[in-house]
J.: 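Handing you a structure now.
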Amino acid sequence: MSSRYNFKDAESKWQAEWEKRRVFAASEDLARPKYYVLEMFPYPSGRIHMGHVRNYTLGDVVARYKRARGYNVLHPMGWDAFGLPAENAARDQKIHPAKWTYDNIATMRAELKRMGLSLDWSRELATCHPGYYRHQQKLFLDFYRAGLVYRGEAFVNWDPVDHTVLANEQVIDGKGWRSGAPVEKRRLAQWFFKITAYSDELLQALGGLERWPDKVRLMQENWIGRSEGAYVTWKVQGRPKGQSDKLEVFTTRPDTLYGGTFLALSPHHPFTDGLAKADPKLKAFVAECDRLGTSEAAIEAAEKIGYDTGLKAEHPFVPGKTVPIWVANFVLMEYGTGAIFGCPSGDQRDLDFVRKYRLPVIPVVMPRDADARSFAIGDTAFTDDGVMINSDFLDGMDTAAAKRAAIARLEKDGTGRGTVQYRLRDWLVSRQRYWGCPIPFVHCESCGVVPVPDKDLPVQLPEDVTFDKPGNPLDHHPTWRHVDCPQCGGQARRDTDTLDTFVDSSWYFARFCSPRADEPVTRAAVDYWLPVDQYIGGVEHAILHLLYSRFFTRGMHKTGHARLDEPFAGLFTQGMVCHESYRAADGRWLYPEEIDRKPDGGVVESATGKPVTVGRREVMSKSKKNVVAPAAIIDTYGADTARWFMLSDSPPERDLEWSAAGVEGAWRFINRVWRLVEECTGKSDARGDATELRRATHGAINDITQLLDRFKFNSAVARIRELANTIEEEAGKGADAAIVREAVEALIKLLGPMMPHLGEELWASIGGKGLLCEQPWPAADPKFLVADTVEIAVQVNGKLRATVTLRRDAPQDEAQTVALSQPAVQRAMEGKGVRKVIYRPNQVINVVA
RNA sequence: GCCCGCUUGGUGGAACUGGUAGACACAAGGGACUUAAAAUCCCUUGGCCCGAAAGGGCCGUGCCGGUUCGAGUCCGGCAGCGGGCACCA
């Protein structure tokens, strides 16, 4: 054993050993409790980054720890391999998306392997592989047959230059992010998942996800957006030609109907469409609304514009009363019925609108203590609950009662009904792109939309595609789309859209259970492994990915592919990795390795010696060059250093600041432990007192076990360091050799999940049997967890005045006598008598003077 | 605008369900070893005050107030920072 730890040899040696012995290969074993640890699989963008290192380190600690605790652990890895960057690379670099993707996977796999993760690589999968997406097509068809997939029309952001549909985030100031052309709203026939069929269930079931962060549950709750209200039907006066004579609105405030002074329709409401045909001004107004779009700057968004159709609607409660019908840009077709009634006295937005267009305001709710005769609305609507006024039969009721009464009346009159609305919309999954899972449907002139028969799956992506023309390469392909109709045998064409990549990631956790099965999932395997016991990833997926996966699992349940509803029993969202940024005087961003720190604390550019502006620490990003490449760190310090640093200092849910000094500190600790084990196990015949050391050892085992269970890895790191400190001290004092050995063994086992290579090397060096990663977790002996004496705090009037050592569980009179005899206590009492004593055994005694 | 979270030394952070604030590190300063450097080891390190020293006192967890024998922890208000959603009827 040499005195300096050679991480290069050790890390590759143990990685080879684990692989050779297949120690992380998982198989179903009903005799043992299972534990499925999963980290969100990466997009193969090229290289792994520090965010991956953090994510996979956290998961690996859990996996190794649970394995040591006797669980049958499944810990797989795969690739979220479809997506737009591959097509961009194809166009810009003339590389086929498949080659680009598989090359990146090879690079990243090699980088991940160098981290020493306890992964079952035999289960590796890539979503772009036909062996994966074939089964996704099967699920899509099964969902279709179960009524969870349908074809509908949707407005999309259409880029007229690139001939493609853009995601909202690709529309910047109303223009395509790449072409710069003004984006058009187009109505296209698209595929949807019927996620709204589960709105209420997805909401209700959040309550059962006890091991999910509250934050994520709340975000999903808000996203689903349940609200109670009513549909109200208004009769349109003087029915316009070819139009409905009724308009249905949704409202959460049926109580304020008497305050309604106008109706507003969405620019995309069918009624609006009908009117616009004969009204060029309205048509222009609708076009104007479309131009403003949804992603306009906040200032633009704040402007509310309307168009008076000149039509009137009859008030459902007040015979003879009518209100004008407007079209307004702020009414969304996608929410409610696409039409509202405006009550300016009770809604700020409506109030702003009527002030602009000079419509009337009728106050209908006032604060409890206000006077009905003098209560008036100025520039602020009264939106709180209160007492009803100017509302006929509702007058005097409170808001809740008025809502109930108004709904009852609507239902009795047949002019409306109580209902529940959700903000959640169905999931649009069609993408006009090449690098995605083909949608297994055929369009036939005579049969319509026909599913591809199961036996013909997969519908495989053609490889010979070109990216030099704008638009979807599948559309341009000379032959691919032409196909015989599976139903009538006549000429038909394939659906050339591909699925949103969120579909790929909505079931990969299930596929991992039987990754090579000839069906999407093997029931026995998913029944055994699912749900995922611990899922770990970034909070940026808190809504879409996690919600889609929850929906998809329900769909798989309904179609008989699984028997559970919730895929992730436990969820942990980690913080991001940050670094300060550096900027030269001329504005260039500099990489951390391009700067030097001077002794006086100043920072200069290495190449020029000129001073550098140090920016605040923020999320690592290539554009600001505040990045550190994991590969470089592993080359210099090894994987264990990177892992240890990732776990130290910052709690995993918070952002972590990467610092060179912190990495150095981690590296120093590894060498310190190395020397410690070498030195301490050398002294074989010492017979000193060892009670302190045993207490430290078993206390550490106990604490670290609990800390790992609670995801408090940074605290576990601190306790491991403490144990190392104590061993060094006690061994230096000549503690009993057998006890030192016990402590060192515990230390090695405790650090094993965090620094597995160092752990194996140390384990071998002290003559441990087998592999460390197969050793059981150490057990704390309870008899060393409690001391005979305890130090307790002595307070006078709540202020600490002394600490005294007492027998454990000493009775109050004894504690009181000792406490009062303390000089500092006497001084603080200033001769006053004892009025009261609060005694918490083994903790504190507080004397009230 | 609405909803949520956070705020503790020079820095990252610790403190179980209200009970000795600052664990464990980083940085800094001092010292040892060395021809020197690296590495390593030891000591000091929240602020202020009294004292030659030993020791002692006061203040202190963003700010203001409250509950309690006792508050970093609970409650109310405010500020700052961060996140989510955003014309949601």
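The sequence lines fix the lettering, A, B, ..., with proteins before strands; numbering per chain opens at 1.
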J.: Would A:T399 and A:D255 count as a side chain to side chain donor-acceptor pair (under 3.5 Å) if you check the C-alpha gap in whole Å, the side-chain angles of each, and the deciding distance to 0.1 Å?
T.: CA-CA 7 Å; A:T399 300; A:D255 54 307; 4.6 Å; no

J.: Between B:A89, B:G12, B:G13, which one does the side chain of A:N714 approach most closely?
T.: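 Nearest listed nucleotide: B:G13.
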
J.: For A:R54, which residues count as a salt bridge (Lys or Arg N to Asp or Glu O under 4.0 Å) partner, sequence neighbours excluded?
T.: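 Partners of A:R54 by the salt bridge (Lys or Arg N to Asp or Glu O under 4.0 Å) criterion come out as none, since no residue qualifies.
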
J.: For B:G82, give its Watson-Crick or G-U wobble partner with both distances under 3.5 Å, or none.
T.: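 When the pairing criteria are applied, B:C4 turns out to be the nucleotide that pairs with B:G82.
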
J.: Which one, B:C85, B:A27, B:C87, comes nearest to the side chain of A:A661?
T.: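 Taking heavy atoms from C-beta onward, the closest nucleotide is B:A27.
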
J.: Is it the case that the side chains of A:Q421 and A:Y231 hold a donor-acceptor pair, with the cut-off being a distance below 3.5 Å and no angle test?
T.: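 Judged by distance alone, the side chains do pair up.
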
J.: Between the side chains of A:D200 and A:Y422, does any donor sit under 3.5 Å from an acceptor?
T.: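 Result is yes, a qualifying pair exists.
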
J.: For A:E728, enumerate each residue passing the salt bridge (Lys or Arg N to Asp or Glu O under 4.0 Å) test, keeping only those at least two apart in sequence or located in another chain.
T.: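 Partners of A:E728 by the salt bridge (Lys or Arg N to Asp or Glu O under 4.0 Å) criterion, ordered by chain and then number, come out as A:R672.
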
J.: What string of B, S and - do you get for nucleotides 41-50 of chain B 5' to 3' if you count protein non-hydrogen atoms under 4.0 Å?
T.: S---------

J.: Detail all sub-3.5 Å separations between protein N/O atoms and N/O atoms belonging to nucleotides 75-78 of chain B.
T.:
none

J.: Just to verify, what does A:P360 make a side-chain contact (heavy atoms from CB on, under 4.5 Å) with, not counting sequence neighbours?
T.: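 Checked A:P360 against side-chain contact (heavy atoms from CB on, under 4.5 Å); matches are A:T261.
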
J.: Scan every strand shown for a Watson-Crick or G-U wobble partner of B:G12, both distances under 3.5 Å, and answer none if you come up empty.
T.: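 Looking at the geometry, B:G12 pairs with B:C24.
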
J.: Whole angstrom is fine here: how far is it from CZ in A:R355 over to P in B:C87?
T.: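 Whole-Å distance recorded here is 24 Å.
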
J.: Looking at B:C58, I'd like to know if its phosphate oxygens (OP1 or OP2) sit under 4.0 Å from a side-chain N or O belonging to A:R801.
T.: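 Yes.
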
J.: Could you tabulate the donor-acceptor pairs under 3.5 Å formed by side-chain atoms of residues 653-666 of chain A, not counting sequence neighbours?
T.:
from   : atom 1 : to     : atom 2 : distance (Å)
A:D655 : OD1    : A:M576 : N      : 2.8
A:S659 : OG     : A:G662 : N      : 3.0
A:E664 : OE2    : A:Y637 : OH     : 2.7

J.: So if I take every side-chain heavy atom of A:R423 and compare against B:G13, B:A86, B:G84, which nucleotide ends up nearest?
T.: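 Side chain of A:R423 sits closest to B:A86.
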
J.: Might you list the N or O atoms of the protein lying below 3.5 Å from N or O atoms in nucleotides 15-20 of chain B, with each pair's distance?
T.:
from  : atom 1 : to     : atom 2 : distance (Å)
B:G19 : O2'    : A:Q843 : OE1    : 3.3
B:G19 : N7     : A:R840 : NE     : 3.4
B:G19 : N2     : A:Q795 : OE1    : 3.3
B:U20 : O4     : A:E791 : O      : 2.7

J.: Tell me which donor-acceptor pairs under 3.5 Å the side chains of residues 797-807 of chain A have, and how far apart each pair is, sequence neighbours excluded?
T.:
from   : atom 1 : to     : atom 2 : distance (Å)
A:N797 : OD1    : A:A849 : N      : 2.9
A:R807 : NE     : A:E814 : OE2    : 3.3
A:R807 : NH2    : A:E814 : OE1    : 2.6

J.: Within the structure shown, what part of the strands sits under 4.0 Å from A:D214 by heavy-atom distance: base, sugar-phosphate, or nothing?
T.: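 The answer is nothing, as A:D214 stays clear of every strand by at least 4.0 Å.
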
J.: List in chain and number order the residues that pass salt bridge (Lys or Arg N to Asp or Glu O under 4.0 Å) with A:R721, two or more places apart in sequence or in another chain; answer none if no residue qualifies.
T.: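 Salt bridge (Lys or Arg N to Asp or Glu O under 4.0 Å) check on A:R721 returns nothing, list empty.
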
J.: Have a look at A:V539 and say if it touches a base, only the backbone sugar-phosphate, or nothing, with a 4.0 Å heavy-atom cut-off.
T.: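 A:V539: no heavy atom of the nucleic acid under 4.0 Å.
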
J.: Taking B:U40 as the reference, what is the distance to B:C26 when you measure between their P atoms (whole Å, please)?
T.: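 These two P atoms come out 10 Å apart once rounded.
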
J.: Identify, between A:G665 and A:D649, the residue whose nearest nucleotide on RNA chain B lies closer to the 5' end.
T.: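 Looking at RNA chain B, the more 5' nearest nucleotide goes with A:D649.
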
J.: Return a single string for nucleotides 4-9 of chain B, one symbol per nucleotide in 5' to 3' order, where B is base contact, S is sugar-phosphate-only contact and - is none, cutoff 4.0 angstrom on heavy atoms.
T.: S-----

J.: Sequence neighbours excluded, which residues qualify as salt bridge (Lys or Arg N to Asp or Glu O under 4.0 Å) partners of A:E228?
T.: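 Here the qualifying residues are A:R226.
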
J.: Take A:L265 and A:W326 through the side chain to side chain contact (heavy atoms under 4.5 Å, CB included) test and state the conclusion after the steps.
T.: CA-CA 6 Å; A:L265 306 178; A:W326 285 63; over 6 Å; no

J.: Sorted by first residue and then second, give each salt bridge (charged side-chain N to carboxylate O under 4.0 Å, His left out) pair with at least one member in residues 340-353 of chain A; sequence neighbours left out.
T.: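 Residue pairs passing salt bridge (charged side-chain N to carboxylate O under 4.0 Å, His left out), neighbours aside: A:D347-A:R349.
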
J.: Go nucleotide by nucleotide along RNA chain B from the 5' end; which of A:Y335 and A:R827 gets its closest nucleotide reached first?
T.: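 On the 5' side of the pair lies A:R827.
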
